Amino acid sequence: KMTKFLNKWLRKFHRWLAVPTAILIPVSIVIKFSGRPEWQVVLKQFESIQSLLMLVLAISGAYLYLLPYIVKGQRKRRQRVKAS
């Protein structure tokens, strides 16, 4: 099914996106507390990328979290239609 393929792809996408996000967070903290002004420019770029990654992770994570409940509801709906 196409939805199974998309769900599997989204799960992999979410996992692979978590890796750079997990790396960027400690790097940005180190840069922030380093006090070097030339690194602060890099920090602003990291923060914008990090914000975008966090937003995408939050949306895909919410979908993946709710996916079992969505599937359960669809299953119940199909059973009701079959019983009618």
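No experiment lies behind these values; they were computed from the predicted model shown.
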- Message: With rounding to the nearest 0.5 angstrom, report the CZ to NZ distance, Arg15 to Lys12.
- Response: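 Nearest 0.5 Å value for the CZ-NZ distance: 8.5 Å.
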- Item | Inter-residue atom distance Thr3.OG1 - Leu10.CG, 0.5 Å rounding |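 That separation rounds to 12.0 Å.
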- Query: Quick one: do Leu67 and Ile59 end up in the same hydrophobic cluster if we chain Ile, Leu, Val, Met, Phe, Trp and Tyr together by side-chain heavy atoms under 4.5 Å apart?
  - Reply: no
- Message: Please say yes or no: joined through hydrophobic side-chain contacts below 4.5 Å, possibly via intermediate residues, are Tyr63 and Leu53 part of one cluster?
- Response: yes
In a table with atom names and distances, give each donor-acceptor pair under 3.5 Å that connects a side chain of residues 37-49 to protein atoms at least two apart or in another chain.
unit_1	atom_1	unit_2	atom_2	d
Gln40	NE2	Ile31	O	3.3
Gln40	NE2	Arg36	O	3.3
Ser48	OG	Gln45	O	2.8

- Residue pairs, two or more places apart or on separate chains, that pass ring pair (Phe, Tyr, Trp, His ring centres under 6.0 Å) and touch residues 11-33: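 For residues 11-33: Trp9-Phe13.
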- Query: Is there side-chain contact between Val71 and Arg75, with at least one heavy-atom pair below 4.5 Å?
  - Reply: yes
- Query: Should Arg77 and Gln74 count as side-chain neighbours, where that means a heavy-atom distance under 4.5 Å?
  - Reply: yes
For residues 19-26, please give each side-chain donor-acceptor pair under 3.5 Å, one per line with the distance, not counting sequence neighbours.
unit_1	atom_1	unit_2	atom_2	d
Thr21	OG1	Leu17	O	2.9

